[in-house]
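Here is how names work: the chains are called A, B, and so on, in the same order as the sequence lines, proteins then strands, and each is numbered from 1.
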Amino acid sequence: NAGVMQNPRHLVRRRGQEARLRCSPMKGHSHVYWYRQLPEEGLKFMVYLQKENIIDESGMPKERFSAEFPKEGPSILRIQQVVRGDSAAYFCASSPVALKTDTQYFGPGTRLTVL
Amino acid sequence: QQPVQSPQAVILREGEDAVINCSSSKALYSVHWYRQKHGEAPVFLMILLKGGEQKGHEKISASFNEKKQQSSLYLTASQLSYSGTYFCGTESGDYKLSFGAGTTVTVRA
């Protein structure tokens, strides 16, 4: 059973470009979460999605950031007009049910570097 | 609000024990523990649910005091592979995890 997949693993962008990060949840998991982690810091919640729905985006900056989880295909975290402060590791996690009764499993992350 | 973890860091010799604490100011439905090694993804260790149920790694033990909104992770007879940063994630009925700043554990031979 394959785990959570993320690609690319490393992404380099120049300021002003767009970054697209992809996440394929574990088989049978319909809940997806995105987190951002700065070096030597903890994980910060960004957004929680179920298929075709954004459930909670309270941790996501209101400008430049968007996320989707379409009926078919991976979840996408999109960052427009990237700035140096966007450099971080972005982790996706998935769970089979809501988090009250089960946990979430993390993907390997995408390390975004903005030059 | 993110939970508070203590200590920030601990250094152990192989075979020694340690306790990592996680405290929240909010009522908790569940606590989730992860270990992350440098440059890698967090790996699930244990989930503790309101009501006493636990699921997780057979060699790791933890406790959850619902009234005090606290959890502790117990590292017993530590091995070199236990080194890493341990995070607690708390869930307060809003279906998402808030993570502490982490506790860095270094186990030396």
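By the 4.5 Å heavy-atom criterion applied to side chains, Q36(B) and F91(A) are counted as neighbours. Considering only heavy atoms from C-beta on, Y35(A) comes within 4.5 Å of L97(B) through its side chain. Within the 4.5 Å cutoff, the side chain of Q37(A) has heavy atoms near those of the F87(B) side chain.
Cluster annotation: Y90(A) and Y33(A) are assigned to distinct hydrophobic clusters (Ile/Leu/Val/Met/Phe/Trp/Tyr, side-chain heavy-atom contacts under 4.5 Å, transitive). Residues L73(B) and V19(B) fall into different hydrophobic clusters, defined by Ile, Leu, Val, Met, Phe, Trp and Tyr side chains chained together at heavy-atom separations under 4.5 Å. Linking Ile, Leu, Val, Met, Phe, Trp and Tyr whenever their side-chain heavy atoms come within less than 4.5 Å leaves M26(A) and M5(A) in two separate clusters. Placement of F99(B) and M60(A) in two distinct hydrophobic clusters is found when ILVMFWY residues are connected by side-chain heavy-atom separations under 4.5 Å, directly or transitively. The hydrophobic clustering, which links ILVMFWY residues whose side-chain heavy atoms are closer than 4.5 Å, places V4(A) and F44(B) together.
Looking at every heavy atom in both residues, T103(A) comes nearest to I47(B) through N-CD1, 3.9 Å. Across D94(B) and D56(A), no two heavy atoms sit closer than the pair O-OD2, 4.5 Å. In terms of heavy-atom proximity, Y34(B) sits nearest to Q104(A) at OH-O, 2.6 Å.
Note: Y48(A) OH to K96(B) NZ = 11.0 Å, rounded to the nearest 0.5 Å.
At a heavy-atom cut-off of under 4.5 Å, chain B is reached by F106(A), G107(A), P108(A), R111(A) from residues 106-115 of chain A, listed in order of number.
Heavy atoms of other residues, nucleotides or ligands lying less than 6.0 angstrom from CD of Q17(A) number more than 12.
With a 4.5 Å cut-off on non-hydrogen atoms, Q6(A) does not touch chain B at all.
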